[in-house]
Amino acid sequence: MTTHTRENVDTPQGLAFAVTAYLLWGFLPLYMKAVSHIPAAEVVAHRVIWSVPLAGALLIVLRRTGDLRAALRSPRTLLMACITAVLISVNWGIYVWSIATDHALDAALGYYINPLFSVALGALLLGERPSRTQMLAIALAAAAVVVLTVETGSLPWAAVGLTFSWGFYAFFKKWLPVGPNQGFLLEVLILSVPALAYLSYLTATGTGSFGISWGQSLLLMGCGVVTAVPLIIYANGAKLLRLSTIGILQYIAPTLIFLVAVFVFGEEFGHARMIAFPMIWAALVIYSIPLIRQMRRKPKVQKVT
């Protein structure tokens, strides 16, 4: 094994990759709106099926198929991959449903809250000690959810569901002993079994949406592209950026989702959201202050194997 060193710095290539991925995620609601007339479960099944060839082709090009074969022979890795696969499929399902039912603002809210939820998760499950600023940010985010709940009479379930599913997905993903590209292919391979079974059932009963028209079929096939491509671009960009930089850039996607929801989809930005969203934004500003300070520090040299 060869060991060399490189500076833990932000590279132009890494920044370009990460920003591209977040921009694609930010405008993803526009694509999901085009398939909003199709049941969310069917859309998720097609996201899974058509992601497999793209993710597989990438591993072949990178010559990393050996890592996947090793993972398939490891019961522990397979079990962890099953957990992350279930969580990401739940996240996709809630997201697709949110866009289709005019709850894109709740989707934006969920992804805004996610980094703060991850901090809380680390404190509860890993014994990590959040700083005072992080605690204040978490408290503000929690208060915003309370405001929405009181004003509307119910929890913003889509936002909460997206926050929890993605937060736990990221948590368990940390313990998956394979690279991000191999892990993604492993997850969609696992999910392809129930996805194929479900789509076969829809075909057999004549209730499926695939094959009705060329346009609709191409849109469903494209679900794999809009799913796999941003993840692959992000995975490669993350290797070339500092964690603090990624922490700041991750707000691009929910901000774009928010703008699309309000100015393109015309979702109502009611009184409760006028209170809750500024509270979330204030929480993110407070949360980001230590990250910005960290970005200004002199880069360190780290070993890479």
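The model shown is predicted, which means the values in this text are computed figures rather than measured ones.
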Test item: Glu187 side-chain N/O and Thr84 main-chain N/O as donor-acceptor pair under 3.5 Å: no
A side-chain contact here means heavy atoms from C-beta on lying under 4.5 Å apart; do Leu87 and Asn91 qualify? no
Are the ring centres of Trp157 and His103 closer than 6.0 Å? no
Indicate, with yes or no, if the rings of Tyr22 and Tyr111 have centres closer together than 6.0 Å. no
Check for a donor-acceptor pair, side chain of Ser89 on one end and backbone N or O of Val86 on the other, with a separation under 3.5 Å. yes
For this output row, return yes or no: ring centroids of Tyr95 and Trp92 closer than 6.0 angstrom. no
Do other residues, nucleotides or ligands put more than 12 heavy atoms under 6.0 Å from Phe277 CZ? yes
Between Trp166 and Phe171, is there a side-chain heavy-atom distance shorter than 4.5 Å? no
Show, in sequence, the C-alpha distance, side-chain angles and deciding distance for Ser288 and Tyr251, and conclude whether the side chain to side chain donor-acceptor pair (under 3.5 Å) test is met. CA-CA 10 Å; Ser288 299; Tyr251 304 140; 3.3 Å; yes
Does some side-chain heavy atom of Leu176 sit less than 4.5 Å from a side-chain heavy atom of Ile83? no
Pairs where residues 188-203 contributes a residue and the test side-chain hydrogen bond (donor to acceptor under 3.5 Å, both in side chains) is met, not counting sequence neighbours: none
Taking the side chain as C-beta and beyond, is there a heavy-atom pair between Val188 and Ile49 under 4.5 Å? no
Kindly say whether Lys33 contributes a backbone atom to a donor-acceptor pair with the side chain of Ser36 at under 3.5 angstrom? yes
Are the aromatic ring centres of Phe172 and Trp175 under 6.0 angstrom apart? no
With a 4.5 Å heavy-atom cut-off, do Leu162 and Asn114 have their side chains touching? no
Is Val44 linked to Ile38 within one hydrophobic cluster, defined over Ile, Leu, Val, Met, Phe, Trp and Tyr using a side-chain heavy-atom separation of less than 4.5 Å? yes
Side-chain (Tyr287) to main-chain (Ala282) donor-acceptor, under 3.5 angstrom: no
Minimum-distance pair of heavy atoms, taken over all atoms of Thr205 and Leu202: OG1-O, 3.3 Å
To the nearest 0.5 Å, what is the distance between CG (Leu59) and CG (Leu54)? 11.5 Å
Can Phe269 be reached from Ile275 by stepping across I, L, V, M, F, W or Y side chains whose heavy atoms are under 4.5 Å apart? no
Atom pair CG/CD of Leu105 and Glu267 - distance to nearest 0.5 Å: 4.5 Å
Here the gap from Leu231 atom CG to Ser51 atom OG, rounded to the nearest 0.5 Å, amounts to 8.0 Å
Leu240 backbone acceptor or donor facing Thr11 side chain under 3.5 Å: yes
Quick one: are Ile212 and Ser217 in side-chain contact, heavy atoms under 4.5 Å? no
Pairwise side-chain contact, Val225 with Trp50, heavy-atom cut-off 4.5 Å (strictly under): no
What distance separates Met221 CE from Leu219 CG, expressed to the nearest 0.5 Å? 11.0 Å
Atom OG in Ser98, atom CG in Asp106: separation rounded to 0.5 Å? 6.5 Å
About how many Å separate CD1 of Ile280 and CD1 of Ile113, when rounded to the nearest 0.5 Å? 4.0 Å
Min side-chain heavy-atom separation Thr77-Leu186 under 4.5 Å: yes
Charged N-O contact under 4.0 Å between Arg47 and Glu42: no
Does the side chain of Thr20 come under 3.5 Å of the side chain of Tyr234 through a donor N or O and an acceptor N or O? no
Look at the side-chain heavy atoms of Ile, Leu, Val, Met, Phe, Trp and Tyr, link any pair under 4.5 Å apart, and say whether Ile257 and Leu30 land in one connected group. yes
